[in-house]
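Side chains are part of it too, since the values below use all heavy atoms of this structure and drop only hydrogens, waters and symmetry mates. Within every chain, numbering begins at 1; the chains are lettered A, B, ... in the order of the sequence lines, protein sequences first and strands thereafter.
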Amino acid sequence: GQQLNQSPQSMFIQEGEDVSMNCTSSSIFNTWLWYKQDPGEGPVLLIALYKAGELTSNGRLTAQFGITRKDSFLNISASIPSDVGIYFCAGRGSSNTGKLIFGQGTTLQVKP
Amino acid sequence: GAVVSQHPSRVICKSGTSVKIECRSLDFQATTMFWYRQFPKQSLMLMATSNEGSKATYEQGVEKDKFLINHASLTLSTLTVTSAHPEDSSFYICSAEGPRWGGELFFGEGSRLTVL
């Protein structure tokens with residue numbers, strides 16, 4: 001079956017630093033989504049990507065859909081304390097059954 | 001737009017009782033909703049796909065008689081954990097597919113179930 005590998009598993013950075021995380025798939029995806037989850041809450045959609053090569057920004061966040069359609073990255077610029085949380089990538093494959101496959105998550109901690 | 005609401009956010013119940021969790025799409029119609037389970041510090045595990053007006057599709061290893069799903073309308077899906085036991089304690093999250101087919105999933109706030 002399709003699998004997603006997300007890295008790094010965790011990051012501990014200084015406020016103001018930039019952050020980068022990525023996901024790779026064993027097969028081609030048609031949709032890449034990036035979510036943030038705060039403790040005790042559901043994931044919140046940050047960025048959605050639908051085309052290979054697509055680069056999309058949402059404030060300080062930028063994500064790209066890899067050309068090979070097997071990877072995606074999320075960058076956060078000038079991190080702030082409220083960026084703390086778990087970031088998940090998710091992808092939907094070519095079968096388009098509607099099911100999303102989730103990465104393992106990247107836990108981000110920001111030191112003021 | 002695309003708001004999904006879950007209720008209750010927290011529930012504590014005794015072993016052997018049943019618990020119902022509701023998932024509503026507030027400002028759009030959702031023919032398909034998804035139920036996930038999340039263990040501490042882990043990713044989301046898909047339990048089942050809920051289709052309006054038809055039976056839910058369960059993922060391998062998920063007991064359909066334990067986790068009853070009903071999707072009676074385009075804005076409401078319910079998950080009932082029957083005869084709950086402590087090992088059913090978890091964070092349950094629902095999601096609904098937005099208006100764009102094949103696009104984003106929007107998640108509810110999650111429901112923390114604790115079975116004593």
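Counting non-hydrogen atoms of other residues, nucleotides and ligands closer than 6.0 Å to CD of Glu87(B) gives a total above 12. Heavy atoms from other residues, nucleotides or ligands lying under 6.0 Å from NE2 of His7(B) number 12 at most. Environment of NZ in Lys64(B): sparse, with no more than 12 heavy atoms of neighbouring residues, nucleotides or ligands closer than 6.0 Å.
Here OG1 of Thr31(A) is found 9.5 Å from CG of Leu105(B). Values are rounded to the nearest 0.5 Å. Remark: Glu41(A) CD to Phe107(B) CZ distance equals 14.0 Å, nearest 0.5 Å.
Proximity to chain A (any heavy atom under 4.5 Å) is shown, for Gln6(B), by neither the backbone nor the side chain. If you measure heavy-atom distances from Gln6(A) to chain B, you find no contacts under 4.5 Å at all. Heavy atoms of Phe102(A) lying under 4.5 Å from chain B belong to its backbone as well as its side chain.
The hydrophobic clustering, which links ILVMFWY residues whose side-chain heavy atoms are closer than 4.5 Å, places Ile13(A) and Trp34(A) together. Residues Val84(A) and Leu61(A) are members of one and the same hydrophobic cluster, defined by side-chain heavy-atom contacts under 4.5 angstrom among Ile, Leu, Val, Met, Phe, Trp and Tyr. One hydrophobic cluster, built from ILVMFWY side chains closer than 4.5 Å, cannot hold both Met47(B) and Phe91(B); they sit in different ones. There is no path of hydrophobic side-chain contacts, each under 4.5 Å, that joins Trp35(B) to Ile101(A).
The heavy-atom pair separating Glu104(B) from Leu33(A) by the smallest distance is CA-CD1, 4.0 Å. Residues Ile93(B) and Gly42(A) come closest through the heavy atom pair CG2-CA, 4.4 Å.
In this structure a side-chain-to-backbone donor-acceptor pair under 3.5 Å is missing from Ser43(B) to Gly105(A). Side chain of Tyr35(A) to main chain of Phe106(B): no donor-acceptor pair is present (N/O by atom type, distance under 3.5 Å, no hydrogens or angles).
Using a 4.5 Å heavy-atom cutoff, the side chains of Leu100(A) and Tyr36(B) are in contact.
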When the side chains of residues 51-62 of chain B are checked against the rest of the protein, which donor-acceptor pairs come out under 3.5 Å, sequence neighbours left out?
unit_1	atom_1	unit_2	atom_2	d
Tyr58(B)	OH	Phe67(B)	O	2.6
Tyr58(B)	OH	Ile69(B)	N	3.3
Glu59(B)	OE2	Lys99(A)	NZ	3.3

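Taking chain A as the reference chain and counting heavy-atom pairs below 4.5 Å, the highest number among Leu44(B), Leu46(B), Val4(B) is found for Leu44(B).
Listed by first and then second residue, the side-chain hydrogen bond (donor to acceptor under 3.5 Å, both in side chains) pairs involving residues 53-62 of chain A are Glu54(A)-Thr56(A), Ser57(A)-Thr62(A), Arg60(A)-Asp83(A) (not counting sequence neighbours).
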Could you go through the salt bridge (Lys or Arg N to Asp or Glu O under 4.0 Å) check for Glu97(B) and Arg92(A) one step at a time?
CA-CA 12 Å; Glu97(B) 189 157 328; Arg92(A) 182 182 275 118; 3.7 Å; yes
Could you go through the side-chain contact (heavy atoms from CB on, under 4.5 Å) check for Gln42(B) and Gln104(A) one step at a time?
CA-CA 7 Å; Gln42(B) 293 190 21; Gln104(A) 303 94 329; over 6 Å; no
